[in-house]
Protein chains: 2
Amino acid sequence: MARKPPTKPRKNALQERSRATVDALVEATARILVREGFEKTSTNRIAEIAGVSVGSLYQYFPSKEALVAAVINRHNEEIMGIVRSALIEITDMPLDKAVRRLVTVAIEAHRINPELHRVLAEQIPRAGKLDVEAFNREIHTLVRAYFDGHRKEIRKIDLDVATFICVSTIEAIAHNTVLNQAAMLSDKMVRTLVDETTRMVVGFLR
Amino acid sequence: MARKPPTKPRKNALQERSRATVDALVEATARILVREGFEKTSTNRIAEIAGVSVGSLYQYFPSKEALVAAVINRHNEEIMGIVRSALIEITDMPLDKAVRRLVTVAIEAHRINPELHRVLAEQIPRAGKLDVEAFNREIHTLVRAYFDGHRKEIRKIDLDVATFICVSTIEAIAHNTVLNQAAMLSDKMVRTLVDETTRMVVGFLR
DNA sequence: AGGAAAAGCGAGTGAATGCTCGCATTATAG
DNA sequence: CTATAATGCGAGCATTCACTCGCTTTTCCT
């Protein structure tokens with residue numbers, strides 16, 4: 001029964017220290033992406049920084065893209081964790097409180113790892129694109145569900161259009177605030193931006 | 001007087017057909033960026049598509065980045081042309097009409113060459129970044145100037161904050177509308193989005 | 001016409017990089 | 001203890017690609 005020659009098709013199966021290897025590789029990739037940019041991120045360098053060999057790298061990741069995709073997913077999961085729990089939190093809150101919370105959370109999420117976020121947002125070469133779409137759709141669905149549950153507080157308007165506009169707006173303001181205005185980010189400024197953005201969105205919805 | 005050996009330090013001096021060569025190179029770069037993505041955009045391929053030799057390419061552009069930067073600038077200039085004239089147009093218009101025009105123009109601008117816009121927005125590796133910042137600042141300044149001239153129609157609010165929020169919002173909605181919703185872009189939908197976005201921004205300002 | 005400069009050419013070079021493959025080391029099972 | 005699998009290694013291969021250089025062709029000027 002020599003059915004399975006020692007063929008390890010590469011990539012799956014993690015049992016012990018190999019978990020650490022995989023983690024080290026993903027972490028190293030993130031670090032290099034931030035510190036050197038996507039262009040300088042080579043597999044040899046990733047392996048070097050992770051303290052493993054290129055060979056080991058290719059045992060768990062079939063390509064450089066797979067590695068970058070892993071970093072993107074990890075980052076997106078962090079963000080989605082925050083966003084999901086926020087949306088649970090606000091389920092029964094009135095519109096103005098809820099929107100304020102969403103705006104705050106959006107900024108917090110962007111502040112998790114701004115440098116990484118910037119690189120991922122600006123230099124994605126191809127991979128992970130589908131996953132990002134999926135996350136966007138999930139956010140849209142969750143926000144829409146909240147709106148739907150609070151119809152009475154909202155004027156007559158197509159909920160998909162309203163969701164699209166609100167999500168785009170909040171995301172953009174959070175993004176630009178954290179990434180383009182890093183300097184002028186006093187707490188007072190942030191509070192002003194949250195106040196004003198909330199005002200705009202709430203005013204729009206009702 | 002052998003002062004000037006046939007040294008042509010590369011890059012400047014365009015007099016006749018060379019202009020056509022330069023144009024062909026920029027155009028070819030844009031085409032390849034759109035059709036193959038940044039990763040596959042090599043100088044040899046650019047020269048091939050442009051119908052010139054690599055040598056000629058390097059007579060006018062000192063590096064691949066210079067070529068990409070030229071494409072970015074050309075595209076940005078197209079957009080800024082539209083935006084600038086819109087801002088002149090609206091100078092004396094009332095707030096609601098003016099905002100509506102701005103929203104419409106933003107979408108129009110994104111529709112000039114959506115594919116190229118996407119590649120430039122998503123895959124910029126480094127170059128052109130400074131120029132993009134400059135354009136953003138110019139837009140901010142122009143919009144702020146309009147707001148300043150129409151203070152009476154606007155509630156008491158820091159004009160920089162208001163401008164930041166409005167510009168971010170309009171840009172994001174236009175961007176997402178054209179790039180992520182390309183499918184569902186009936187004229188009716190666009191009109192709805194323009195209406196609602198205008199309503200939100202105007203409601204916010206006064 | 002004739003000479004010089006501008007424009008154009010494209011095979012070739014050198015460096016970077018993604019990835020493989022045969023082997024060494026470590027862990028697990030019987 | 002020994003066999004077997006899992007994990008790890010890293011020199012090197014193959015390829016790609018930005019860019020150079022010596023040369024030819026075209027244009028301009030007198």
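Letters go in sequence order (proteins before strands), and every chain restarts at 1.
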* Asked: With respect to the phosphate group of D:dC9, does any side-chain polar atom (N or O) of A:S56 fall under 4.0 Å of OP1 or OP2?
  -> yes
* To do: Starting at atom CD of A:E65, determine the distance to atom C1' of C:dT17, rounded to an integer number of angstrom.
  => 12 Å
* **Intermediate values then yes/no, salt bridge (Lys or Arg N to Asp or Glu O under 4.0 Å), A:E196 and A:R191** => CA-CA 9 Å; A:E196 296 295 351; A:R191 238 175 296 132; over 6 Å; no
* Structure fact -> The salt bridge (charged side-chain N to carboxylate O under 4.0 Å, His left out) partners of A:E108 (sequence neighbours excluded) come to none
* Asked: Taking for each residue the nucleotide of DNA chain C with the nearest heavy atom, is it B:R17 or B:G55 whose nucleotide lies nearer the 5' end?
  -> B:R17
* With the side chain of B:S18 defined as its heavy atoms from C-beta on, choose the nearest nucleotide among C:dA7, D:dT20, D:dT7. => C:dA7
* **Sub-4.0 Å heavy-atom contacts from residues 42-52 of chain B onto DNA chain D, ordered by number** => B:S42, B:T43, B:N44
* Using atom NZ of A:K40 as one end and atom C1' of C:dA15 as the other, report the distance to the nearest whole Å. => 13 Å
* To do: With sequence neighbours left out, write down each residue that passes salt bridge (charged side-chain N to carboxylate O under 4.0 Å, His left out) with A:R45, or none if nothing qualifies.
  => A:E36, A:E48
* Quickly work out the B:L57 CG to D:dT20 P distance and round it to whole Å. => 11 Å
* Qualifying residues under salt bridge (charged side-chain N to carboxylate O under 4.0 Å, His left out), relative to A:E171, sequence neighbours excluded -> none
* A:L67 CG to C:dT17 C1', straight-line distance once rounded to whole Å -> 14 Å
* **Listed once per pair and sorted, the ring pair (Phe, Tyr, Trp, His ring centres under 6.0 Å) pairs that draw on residues 70-91 of chain B, sequence neighbours left out** => B:H75-B:H117
* To do: Indicate yes or no: does A:R199 engage A:D96 in a salt bridge with an N to O separation below 4.0 Å.
  => no
* **Whole angstrom value for the distance that separates C1' of C:dA7 from CG of B:D23** => 15 Å
* Please state whether the phosphate of D:dG8, meaning OP1 or OP2, lies under 4.0 angstrom from any side-chain nitrogen or oxygen of A:S53. => no
* Asked: Atom OH of B:Y58 and atom P of C:dC9: how far apart are they, to the nearest Å?
  -> 16 Å
* To do: Quickly work out the B:F61 CZ to D:dT20 P distance and round it to whole Å.
  => 15 Å
* Side-chain N or O of A:T21 closer than 4.0 Å to phosphate OP1/OP2 of D:dT7 -> no
* Applying salt bridge (charged side-chain N to carboxylate O under 4.0 Å, His left out), name anything that partners A:R111, two or more places apart in sequence or on another chain. => none
* Asked: Rounded to the Å, how far apart are B:Q59 CD and D:dC23 P?
  -> 16 Å
